[in-house]
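Convention: sequence-line order gives letters A, B, ...; per-chain numbering from 1.
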Amino acid sequence: MKWAMKNLTLWGLVALLLFGPVIPSFAQDEIKIGGIISLTGPKAALGQEEKRGYDMAIDKINSLGGVLQKKVKLILEDDRFNPSVAVSAAEKLVAEDKVVAITGGYGSTETLATLAALKNYAPVVVWQGAGAEKIEKLYGKEPWFFHLHPWGYYSLLDLKDFMLTLDPKPQSVAIAYEDTSYGVDYSKFAKKFWSEAGFKIVAFEPFKSGSFDYAPLITKLKAIQPTPDVFYWVGYVGDAVLLIRQSKEMNFNPRIFADTGGVGFPEFKKQLGKDCNYVLGIDIWSPKVKFPTSTKYPDLFPSSEQWLKDYRDRYNGRDPNYWSLISYVALAATCQAIKDAGTTEKSKVIAALEKLDTMTPMGRLKFGAGSYGSIHQGYKQGLVFQWQEGEKQIVFPNNLKTGSVIYPTPVWDSRH
Amino acid sequence: MLKVDAIDSYYGDSQVLSGISFEVGEKEIVAIVGNNGAGKTTILKSVVGLVHPRRGSILFKGISIEHLPAHKISEMRVSLVPEGRCVFPLMTVLENLELGSHIPSARKQRKTNLEKVFAYFPVLASIKMRAAGKLSGGEQQMLALARGLMSDPELLILDEPSLGLAPIVVGEIFEIILSIHRQGKTILLVEQNTNIALSISDRAYVLSEGRITMQGKGQSLLHDDRVRKAYLGL
Amino acid sequence: MENFIQVVVNGTLISGLYALIAVGLTLIFGVMRVINFAHGEFMMLGGYTTYWLFVLLRLDPLLSLLISMVVLAGLGLIVQRCLINPVLGASSLNQILLTFGLAIILQNVAMILWTSDYVSVQTWYSTHSLRVGFVRISVAKLGIFFMAIILMMLLGIILKKTETGKVLRAVSQDPQTAQLMGIDINRAYMIAFAIGTGLAGLAGAATSTVMSIFPTVGVEFIMKAFAIVVFGGLGSVAGACLASFILGVTESLVGTYVPGGGGWAEAVSFTVLILVLIFRPKGIFSS
Ligand SMILES: Nc1ncnc2c1ncn2[C@@H]1O[C@H](COP(=O)(O)OP(=O)(O)OP(=O)(O)O)[C@@H](O)[C@H]1O
Ligand SMILES: [Mg+2]
């Protein structure tokens with residue numbers, strides 16, 4: 001009996017290996033779109049955010065009748081935040097699944113590897129993640145490449161403009177960054193733009209993303225005299241939480257704590273409680289900033305308030321991170337473009353994407369030129385927020401402001 | 001006391017023992033002699049449960065033990081002093097001795113047994129806090145013997161106690177073994193030093209390539225021509 | 001100078017946590033000759049145990065630390081009996097594959113059950129710190145450090161003085177001879193594994209109060225633990241404690257004083273691992 005069971009499993013496996021890849025090709029009444037995100041691995045929390053947006057989009061599209069009378073099927077690939085896994089995922093999507101278009105992305109390192117692999121096939125790519133300018137320089141001019149997320153340097157320009165509005169003007173900035181191409185890229189621009197704007201860069205320190213002890217870094221920054229006015233770091237949410245905790249432990253008191261990544265996550269607040277207050281970050285979207293329903297595609301792109309409600313209903317009151325929304329938009333826009341094109345033919349889909357001009361819950365989406373040569377850049381706006389009483393308040397730009405910045409950050413010993 | 005009946009033992013697929021049968025009676029001292037690699041150690045391992053014979057039976061005081069795990073057989077007060085001594089090198093002499101009386105029946109008697117073995121081996125008492133790994137070969141052999149006695153065994157099994165020792169030390173060790181025997185311990189002894197083994201044993205078995213080829217009184221084997229040729233080099 | 005003291009304090013405090021993890025790993029290896037690649041995952045599960053006891057029952061981590069330790073020791077017993085025992089006689093490659101596979105499974109189970117979000121337990125002492133002159137000392141980390149020291153001393157006493165401790169040492173030095181002493185080595189294996197996973201559970205619980213817990217948190221620690229175990233001599237508890245301290249302080253020094261040290265600090269453990277494997281494969285403290 002045991003033997004028989006073993007054999008059965010074995011034959012099952014053999015059958016799967018032999019016929020597995022063939023089975024999907026029977027299902028020709030589907031339009032396949034690929035998605036490459038980090039479902040496991042160190043940045044899985046973020047990949048799960050993206051997946052929530054995807055799941056919402058795919059259900060919405062199919063409930064609206066799919067695309068070209070066919071159901072849309074999203075083929076999700078887990079890149080495990082690993083460039084080589086990402087490359088094989090991309091190749092599988094193109095060569096084996098023969099998807100119409102590919103979406104995905106978060107990390108710049110994986111994105112670079114993925115795009116290098118995809119360049120030979122040049123499929124339609126609508127990429128929601130990765131803000132490294134290197135990507136813009138290398139692939140921005142490719143006709144098949146569409147990019148939604150603002151390039152990293154936009155956030156740093158936004159932060160610079162914001163810092164210039166502060167009174168008294170901060171003098172010195174300490175920069176720390178994770179040792180990935182994302183961290184290197186953002187910190188490089190921070191250094192460039194901010195020193196050009198007259199801030200003095202007093203520290204420029206890399207750290208390993210996902211470390212669990214930042215005491216050495218904080219000790220080092222604390223030793224700088226006078227204390228840096230601004231502490232800016234580039235990292236993930238786990239890094240941000242530990243950096244703040246350990247700044248508190250060590251009583252490190254810059255006037256501003258700012259980050260362009262991890263501090264935007266709900267986990268940041270959840271884990272820090274009131275210690276999250278006064279930290280600044282950049283979002284490309286905020287639930288507080290309202291955008292109206294799209295006039296062209298009211299069902300696909302409802303008002304920002306409606307979208308938020310749908311999201312919370314679907315995920316038990318959970319607050320979305322913008323990665324959910326941008327992934328939603330990436331997938332929805334891709335499907336809409338295929339619909340508009342009336343065909344899955346590549347050149348027509350590209351033309352439809354180029355023509356797309358619609359309001360979305362993240363603001364107006366129209367692919368246009370970026371600052372370093374790209375031709376299909378989606379969003380550019382950034383919102384500087386500050387955690388205040390456990391909520392994000394938009395403090396810059398002035399026309400979208402929901403609160404005033406609290407500056408300087410109260411010293412730790414005075415906070416209770 | 002111990003009755004081994006036609007056991008075959010293997011390491012993996014290679015057979016080392018074939019049809020081994022022998023007996024050890026109450027208060028006897030029985031020797032098994034044989035050349036390198038004959039299978040002497042394997043016999044002992046089979047008795048104490050470190051190797052399980054594929055065929056045949058082993059009775060200890062009428063109970064069959066060939067399927068029992070080694071620690072269960074130890075608990076029946078069968079004590080093997082292994083070849084090469086195998087003291088616990090990083091533990092002190094005292095700790096080694098304490099472990100010798102790990103089995104529940106002996107743990108209660110630990111103190112008195114300690115006194116007894118120190119009486120046999122006064123040297124050990126003077127170095128009891130030293131790490132066993134740092135002792136000389138002779139001291140280690142004494143420790144191994146003493147440890148084997150700590151459980152107050154009914155059957156004491158010795159695997160080549162003379163191995164690697166200077167002749168003078170060998171003499172000393174066998175003095176002690178004899179005096180242990182005179183106190184009424186049953187002993188099963190394996191030796192390559194055929195001369196000594198045969199001269200002190202009541203009965204003996206000659207092992208060759210996994211089979212018992214001769215058996216008889218120790219003294220009579222000592223004077224057997226074949227034995228003298230093959231094992232005593234005379 | 002104040003800064004230097006702070007740096008040494010930082011490194012010392014973190015070393016307690018390292019020791020909790022590394023000592024369990026080295027004990028399991030010493031007694032069973034099995035490298036438990038899933039050790040970090042037991043730590044992760046200990047962290048989640050404390051976290052959920054805190055969220056659901058509002059149990060203070062000070063109390064639930066012990067519960068986590070007991071729960072993980074129990075889980076370790078089950079894993080040892082059902083999974084590790086059957087491969088004890090197998091080749092070490094099989095054992096590595098088994099514990100490695102177990103690690104991946106546990107990570108994924110955690111991901112499915114609790115998502116990959118970072119969680120942590122917030123108490124007043126989580127980020128509270130003492131001021132000694134210019135030096136800041138985190139209360140929670142100090143507590144963990146002392147707990148680790150007390151536990152290590154306790155473990156030392158158990159190993160040195162009790163019958164069970166002697167049994168564990170005997171099995172680690174010579175399993176075959178240990179059986180001749182009437183020692184049930186399977187029982188010894190279970191005890192060693194349970195102590196090891198219990199300590200890992202405790203380390204996880206501690207981590208949940210001062211850092212964060214997420215499904216792959218064990219991966220961050222396990223490589224350091226390996227480095228420490230090799231550094232201190234495979235199977236040596238005292239060596240592991242000392243190596244934890246040296247590694248903790250070295251990381252802290254490198255992280256602070258080497259330019260761009262944040263990246264280098266993480267490499268310290270690997271450098272140590274490689275150097276020790278090349279020059280002193282039996283560990284730095286072996287004679
Ligand atoms: N663990 C083992 N695995 C495989 N073969 C073994 C093992 N131990 C012993 N052998 C083999 O079994 C045979 C008998 O070995 P055993 O140790 O019983 O001999 P012995 O008579 O005690 O020899 P010696 O006088 O050298 O101690 C030898 O050929 C040996 O190579
Ligand atoms: Mg032998």
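The one candidate from C/Ile183, C/Leu180, C/Asp184 that meets the side-chain contact (heavy atoms from CB on, under 4.5 Å) condition with B/His71 is C/Asp184.
Of the atoms belonging to B/Pro69, not a single heavy atom falls under 4.5 Å from chain C. For chain B, the nearby parts of C/Gln176 are the backbone and the side chain; heavy atoms of each come within less than 4.5 Å. At a 4.5 Å heavy-atom cutoff, the contact between B/Leu50 and chain C is made by side-chain atoms alone. At a 4.5 Å heavy-atom cutoff, the contact between B/Arg110 and chain C is made by side-chain atoms alone.
Open room surrounds CZ on C/Arg81; 12 or fewer heavy atoms of other groups in view lie less than 6.0 Å from it. Atom CZ of B/Arg55 has more than 12 neighbouring heavy atoms from other residues, nucleotides or ligands inside a 6.0 Å radius. The number of heavy atoms from other shown groups lying within 6.0 Å of CD (C/Glu163) is above 12.
Ranking B/Arg147, B/Lys72, B/Glu75, B/Met76 against chain C, the residue ahead of the rest is B/Arg147, based on heavy-atom pairs under 4.5 Å.
Taking CD from C/Gln173 and CG from B/Leu90, the interatomic distance works out to 4.0 Å, rounded to the nearest 0.5 Å.
Put simply, the side chain of B/Ser151 never gets that close to the backbone of C/Met181: no donor and acceptor are under 3.5 Å apart.
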